[in-house]
Amino acid sequence: MEHHIIPEFAKLLFEIEKNPDISRIIPGRISRQQKWSSTMRFRITIPTDSGFKCIMSKWATAQELFVICTKEKVEDVKKNVEKISRSILK
């Protein structure tokens, strides 16, 4: 890990990293946001040149997460990440 992660999301990240199509997961800086919620939220936001970006948030804390994979596997990896996030963050 290059940066710390929001502790509540550790289990989710450890499950996501088991996907062999993912070459790297890079957590971004932890930041404060004006909008807050007591529930854990995870969403895939935008594609990047090397995969896609996600946002994890809880309370007034948010963190970007970059998932790196090959262009051919992006859609499969996204589906897998969404499935894992739904099962863990229910």
Side-chain angles (χ1 to χ4, degrees):
M1 282 191 250
E2 293 182 19
H3 297 284
H4 292 285
I5 58 169
I6 299 172
E8 292 86 355
F9 289 94
K11 182 178 177 183
L12 172 65
L13 296 182
F14 290 131
E15 282 301 313
I16 290 172
E17 78 175 353
K18 292 178 182 177
N19 185 329
D21 294 327
I22 295 175
S23 57
R24 198 161 175 211
I25 298 174
I26 305 169
R29 287 190 185 138
I30 296 174
S31 61
R32 304 284 292 164
Q33 59 183 4
Q34 289 181 331
K35 185 173 119 179
W36 67 274
S37 171
S38 62
T39 60
M40 294 192 312
R41 295 180 180 209
F42 180 88
R43 64 188 168 98
I44 296 172
T45 58
I46 61 169
T48 64
D49 291 338
S50 57
F52 54 93
K53 180 173 101 170
C54 307
I55 300 286
M56 305 180 294
S57 62
K58 184 172 182 184
W59 299 109
T61 306
Q63 184 171 22
E64 294 178 328
L65 180 74
F66 298 92
V67 178
I68 311 302
C69 59
T70 62
K71 289 186 185 224
E72 298 81 27
K73 295 291 185 174
V74 168
E75 290 307 313
D76 292 338
V77 171
K78 276 185 185 180
K79 288 176 187 173
N80 181 258
V81 168
E82 288 173 343
K83 179 181 172 187
I84 291 169
S85 69
R86 280 192 306 271
S87 69
I88 290 179
L89 304 178
K90 44 183 160 168

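Both backbone and side-chain heavy atoms feed into the values below; hydrogens, waters and symmetry mates do not.
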Derivation of the side chain to side chain contact (heavy atoms under 4.5 Å, CB included) call for Lys58 and Thr39: CA-CA 6 Å; Lys58 184 172 182 184; Thr39 60; over 6 Å; no

Euclidean distance, Cys54 SG relative to Leu12 CG, rounded to 0.5 Å: 8.5 Å

Shared hydrophobic cluster, Ile26 / Ile55 (ILVMFWY, side-chain heavy atoms < 4.5 Å): no

Worked verdict on Thr70 versus Asp21 for side chain to side chain contact (heavy atoms under 4.5 Å, CB included): CA-CA 8 Å; Thr70 62; Asp21 294 327; over 6 Å; no

Verdict with reasoning, Phe9 to Leu89, per side chain to side chain contact (heavy atoms under 4.5 Å, CB included): CA-CA 9 Å; Phe9 289 94; Leu89 304 178; 4.1 Å; yes

Any residue meeting salt bridge (Lys or Arg N to Asp or Glu O under 4.0 Å) with Lys53, in chain and number order, not counting sequence neighbours: Glu64

Interatomic spacing from CZ in Phe42 to CD1 in Ile84 - rounded to 0.5 Å: 9.0 Å

Nearest-0.5 Å distance that lies between atom CZ in Arg43 and atom OG in Ser85: 12.5 Å

Ile5 reachable from Val81 in the ILVMFWY side-chain graph, under 4.5 Å edges: yes

Spacing of Glu15 atom CD and Asn80 atom CG [to the nearest 0.5 Å]: 9.5 Å

Whether over 12 other heavy atoms sit under 6.0 Å from Lys73 NZ: no

Under 3.5 Å donor-acceptor, Gln63 side chain and Ile6 backbone: yes

Met56 vs Leu13, side chain to side chain contact (heavy atoms under 4.5 Å, CB included): CA-CA, chis, key distance, verdict: CA-CA 10 Å; Met56 305 180 294; Leu13 296 182; 4.1 Å; yes

Where Ile22 and Cys69 come nearest, the two heavy atoms and their spacing: CA-CB, 4.3 Å

Separation between OG of Ser50 and CD1 of Ile68, rounded to the nearest 0.5 Å: 3.5 Å

